[in-house]
Amino acid sequence: MTSNVRTRFAPSPTGGLHLGGVRTALYSYLFAKKHQGQFILRVEDTDQSRYVSGAEQYIADCLAWCGINTDESPLQGGPYAPYRQSERKDIYKQYALQLVSQGDAYYAFDTPEELESMRHDNKTASNPSPQYDHQVRMKMKNSLNLLPDEVNALLAVNTPYVIRYKVPQNEFITFNDMIRGEISNDSNLLDDKVLLKADGMPTYHLAVVVDDYLMKITHAFRGEEWLPSAPIHILLWKALGWEQAMPQWAHLPLILKPDGNGKLSKRDGERLGFPIFAMDWTDAQTRETTKGFKEIGFLPEAFINMLAMLGWSSGEAKELFSKEELIEKFSIERVHKAGAKFDFEKAKWYNHEWIKHSAAETLFPQVKALYEKENIAVQHDDLLLKIISLVKDRCVLMNDFIMQGSYFFQKPASIDTEAVKPKWNEEKQLFFQELSNVLDAITVWDAVNIETAFKELALIKNIKVGELQLPFRVMLVGGKYGPAVFQIAEIIGKDETIQRCNDFKLS
RNA sequence: GCCGCGUUGGUCAAUCGGUUAAGACGCCUCCCUUUCACGGAGGAAUGACGAGUUCGACUCUCGUACGUGGUACCA
């Protein structure tokens, strides 16, 4: 079953995919799927100076990892291809020209220097950032002032030009945002936005309108930072005669820094020690890699669950949702208006919950891959499965499976002798010397028998069992962690247990 | 500066005029566990401020403050 609902995610391929971007994609996707509609990925690569090769594939990979499946995209194509704006250049120009001939846009020949001096000259204390608007446009070098012949002459000699939208005066632009309700703006405060750049590429303003129209987008989700230019886009929809087909807007609240103020940025992640990008991103120039949620050990289910709850709530006292549940429950009405500070602790909690609630079988492929990467030899898959279920409760990030599980397969890389030192004495040393023999005598090697033998010896030696269990654990595991120690001994086997005890030295 | 948007505990948040103002994260205490977790019980902690509307305001209106975004031939 399908409906006519079509949403899109339209990032520009300039680098790592920010978690705010993923959330925008997620909400668009959830909304589309809830209404049996389509979700489209469109790449907004109109700024050639910021284009980063590989970023497009990377974005597609991030979405795929998150389970945010696209119905149409540059890579898979679709009925409204191409989905890369750089490949749609001619389309935009045609509409820009249409606006010029209608009198809704004009050629502007101002050089960057001229624009700068205009801004400089008009700058006052009460107006620190002058705009190219109805007050100044008649003083600039554009087809509004120049004679038609002059314009044609300039065009004839290939003078660089841009096409600017001519904002109508004295209009109130009001529109209904699905999240914020009615929003209105005074057109006199708007500037004449560039629609078509000197290099022939459209700006976002033109491209978003043209593409949303041509691609039949019905609901447009984007970040709140676009709210100030929304009236321009609405004016453009009207000028192009497409008002009836205009999508419904939803301006999502921003994701803010956990401390201080402002939008969450890549820098904040580095500063505070958590990822900002969905997946690892390596800068082509510096070769620097910025860590992603995937690589530090997040489960995609947990990642999107966390993101979904950052700005939306179901209204129930429930926070754990699968993608399918999110699709079913998601509603625009329940999206918050205010920005949300990102809380990495809470993000980790989601991941921990997802690991705990996932079946060992589900976790298995990832853990196995992780172990292979870490060169931890897994003798039997069954054993790994057993270990996953034994330790998953104490793994917050997938990578925790390394510390929590590797000692089952190999001797601990290091032994936390400091943990046993304070209470260590000769009696205990003797106990462990004898323990080898006692353990060796066990015929049926299981946790119960090991524990019984261990406790009997402790009784004979008159040492508290509790004081012996910690050293025993450290010998087997390497530190003060892991499940029941006798269970561990059972799994690693008699020989290995005895060997690790014998290898133990307090240095 | 101007314009837009926002404002319930430290954080995420429920409430859509009448509640002892949910729940979660984090924090603290205790139980369980002679590791670390998990689990369980409890605790501290919230409506920015000021007017108004109303029998009644966290909820509606206005103002103030604060926060945030925009103010590019970037998206």
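Both backbone and side-chain heavy atoms feed into the values below; hydrogens, waters and symmetry mates do not. Below, chains carry the letters A, B, ... as their sequence lines are ordered, and counting in each starts from 1.
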note = Closest to the side chain of A:A338, out of B:rG26, B:rU7, B:rC3, is B:rU7

ask   = Hey, does A:V209 have a side-chain heavy atom less than 4.5 Å from the side chain of A:Y95?
value = no

remark   = Which of B:rU71, B:rC3, B:rU35 is nearest the side chain of A:K480? It is B:rU35

ask   = Within the structure shown, what part of the strands sits under 4.0 Å from A:G479 by heavy-atom distance: base, sugar-phosphate, or nothing?
value = nothing

message = Just to be sure I understand the rule, does A:K348 reach a base, reach only the sugar-phosphate, or reach nothing, if contact means heavy atoms closer than 4.0 Å?
response = nothing

query = When all nucleic acid strands are considered with a 4.0 Å heavy-atom cut-off, which category describes A:S12: base, sugar-phosphate, or nothing?
reply = sugar-phosphate

ask   = Looking for any heavy atom pair under 4.0 Å, which part of the strands does A:P483 touch: base, sugar-phosphate only, or nothing?
value = base

message = Taking 4.0 Å as the cut-off, does a side-chain nitrogen or oxygen of A:R50 come that near to OP1 or OP2 on B:rA75?
response = no

Evaluation steps, ring-ring contact (aromatic ring centres under 6.0 Å, His included), between A:W349 and A:F344 = CA-CA 9 Å; A:W349 174 81; A:F344 187 53; over 10 Å; no

key: A:E225, nearest nucleotide to its side chain (from B:rG1, B:rG69, B:rC73)   = B:rG69

ask   = How would you label the contact of A:R180 with the nucleic acid (heavy atoms, under 4.0 Å): base, sugar-phosphate, or nothing?
value = sugar-phosphate

Counter-base of B:rA48, judged by Watson-Crick or G-U geometry with both distances under 3.5 Å = B:rU64

key: Proximal nucleotide (of B:rA75, B:rC25, B:rA22) relative to the A:W226 side chain   = B:rA75

request  = Decide yes or no, distance alone: a donor-acceptor N/O pair under 3.5 angstrom between the base of B:rA72 and the side-chain of A:K193.
outcome  = no

task = Considering just the side-chain nitrogens and oxygens of A:H205, establish if one lies under 4.0 Å of OP1 or OP2 belonging to B:rC73.
result = no

task = Mind checking A:H251 for me? I need base, sugar-phosphate or nothing, with any heavy atom below 4.0 Å counting as a touch.
result = nothing

ask   = So what does A:S49 touch, heavy atoms closer than 4.0 Å: a base, only the sugar-phosphate, or nothing?
value = nothing

query = Between B:rA14, B:rG70, B:rC73, which nucleotide gets closest to the side-chain atoms of A:K263?
reply = B:rG70

message = I'd like the P distance from B:rC31 over to B:rA45, given in whole Å.
response = 23 Å

query = Which residue, A:A340 or A:T111, contacts RNA chain B at a nucleotide closer to its 5' end, judged by nearest heavy atom?
reply = A:A340

task = Would you mind telling me which of B:rA24, B:rA37, B:rC73 lies closest to the side-chain atoms of A:V194?
result = B:rC73

key: Opposite nucleotide pairing with B:rA37, Watson-Crick or G-U, both atom distances under 3.5 Å   = none

key: Separation of the C1' atoms in B:rU46 and B:rU19, to the nearest angstrom   = 15 Å

ask   = Hey, does the Lys NZ or Arg CZ of A:R23 hover above the aromatic six-ring of A:Y27, less than 6.0 Å from the centre and inside 45° of the axis?
value = yes

inquiry  = Applying a 4.0 Å non-hydrogen cut-off, can you work out what A:G311 is touching in the nucleic acid: base, sugar-phosphate, or nothing?
reply    = sugar-phosphate

query = Closest heavy-atom contact between A:G479 and A:D416?
reply = CA-CB, 4.1 Å

message = If I take atom NZ in residue A:K89 and atom P in nucleotide B:rC73, what distance separates them, rounded to the nearest angstrom?
response = 18 Å

query = Is the shortest side-chain N/O distance from A:T203 to OP1 or OP2 of B:rC73 below 4.0 Å?
reply = no

query = Thinking salt bridges, do A:K428 and A:E467 make one under a 4.0 Å N-O criterion?
reply = yes

query = With a 4.0 Å cut-off on heavy atoms, is A:D186 in touch with a base, just the backbone sugar-phosphate, or nothing at all?
reply = nothing

inquiry  = Any base atoms under 4.0 Å from A:E224, or only sugar-phosphate, or nothing? Heavy atoms, all strands.
reply    = base

remark   = A:L470 has its side chain closest, among B:rA37, B:rU35, B:rA75, to B:rU35

query = With a distance cut-off below 6.0 Å to the six-membered ring centre and an angular limit of 45° from the axis, does A:R164 pair with A:Y132 as a cation-pi contact?
reply = yes

query = B:rG18 pairs with which nucleotide, Watson-Crick or G-U wobble, both distances below 3.5 Å?
reply = B:rC55

ask   = With a 4.5 Å limit on heavy-atom distance, are the side chains of A:S73 and A:Y83 in contact?
value = no

task = Would you indicate what A:A484 reaches in the nucleic acid, counting non-hydrogen atoms under 4.0 angstrom: base, sugar-phosphate, or nothing?
result = base

ask   = How is A:K464 classified with respect to the nucleic acid when contacts are heavy atoms under 4.0 Å: base, sugar-phosphate, or nothing?
value = nothing

inquiry  = Check the phosphate of B:rU33 against A:R473, side-chain N and O only, distance under 4.0 Å to OP1 or OP2. Yes or no?
reply    = no

key: Which nucleotide in B:rC25, B:rC38, B:rA72 has an atom nearest any side-chain atom of A:K356   = B:rC38

key: Distance, rounded to the nearest Å, where A:W249 contributes CH2 and B:rC5 contributes P   = 16 Å

key: Distance between P atoms of B:rC49 and B:rU7 (Å, rounded)   = 15 Å

message = In whole Å, measure the gap between the P atoms of B:rA57 and B:rG18 for me.
response = 11 Å

note = Rounded to whole Å, the CZ-P distance (A:F472 to B:rC36) equals 18 Å

request  = Please measure how far the C1' atom in B:rU29 lies from the corresponding atom in B:rA65, and state the result in whole Å.
outcome  = 39 Å

query = Which part of the nucleic acid does A:L468 contact within heavy-atom distance under 4.0 Å: base, sugar-phosphate only, or nothing?
reply = nothing

remark   = Shortest non-hydrogen pair, A:I255 vs A:L19, comes out as CD1-CD2, 4.1 Å

inquiry  = Without decimals, in angstroms, what is the distance between A:F175 CZ and B:rC3 P?
reply    = 17 Å

ask   = When the C1' atoms of B:rA14 and B:rC25 are considered, how many whole Å apart are they?
value = 15 Å

remark   = Closest heavy-atom pair, A:L476 versus A:A489, reported as atoms and distance to 0.1 Å, is CD1-CB, 3.9 Å

request  = Rounded to the nearest angstrom, tell me the gap between atom CD1 in A:I488 and atom C1' in B:rA37.
outcome  = 12 Å

inquiry  = Partner lookup for B:rG69, please. Criteria are Watson-Crick or G-U wobble with both distances under 3.5 angstrom; report none if nothing qualifies.
reply    = B:rC3

request  = For the side chain of A:R334, starting at C-beta, report the closest nucleotide among B:rC25, B:rU15, B:rU71.
outcome  = B:rU15

ask   = Looking only at atom P, what distance separates B:rC32 and B:rA41, rounded to whole Å?
value = 15 Å

inquiry  = Of the listed nucleotides (B:rA75, B:rG1, B:rA24), which one gets closest to any side-chain atom of A:E44?
reply    = B:rA75

Watson-Crick or G-U counterpart of B:rC12, or none if no pair lies under 3.5 Å = B:rG23

request  = Take A:P11 and A:K455, find for each the nucleotide of RNA chain B with the closest heavy atom, and name the residue whose nucleotide sits nearer the 5' end.
outcome  = A:K455

request  = Could you give the distance separating B:rC60 and B:rG6 at their P atoms, to the nearest angstrom?
outcome  = 11 Å

query = Quick one: is B:rC74 close enough that its OP1 or OP2 comes under 4.0 Å of any side-chain N or O from A:K197?
reply = yes

query = If you look at every heavy atom in A:K337 and A:E224, which pair is closest and at what distance?
reply = O-OE1, 4.5 Å

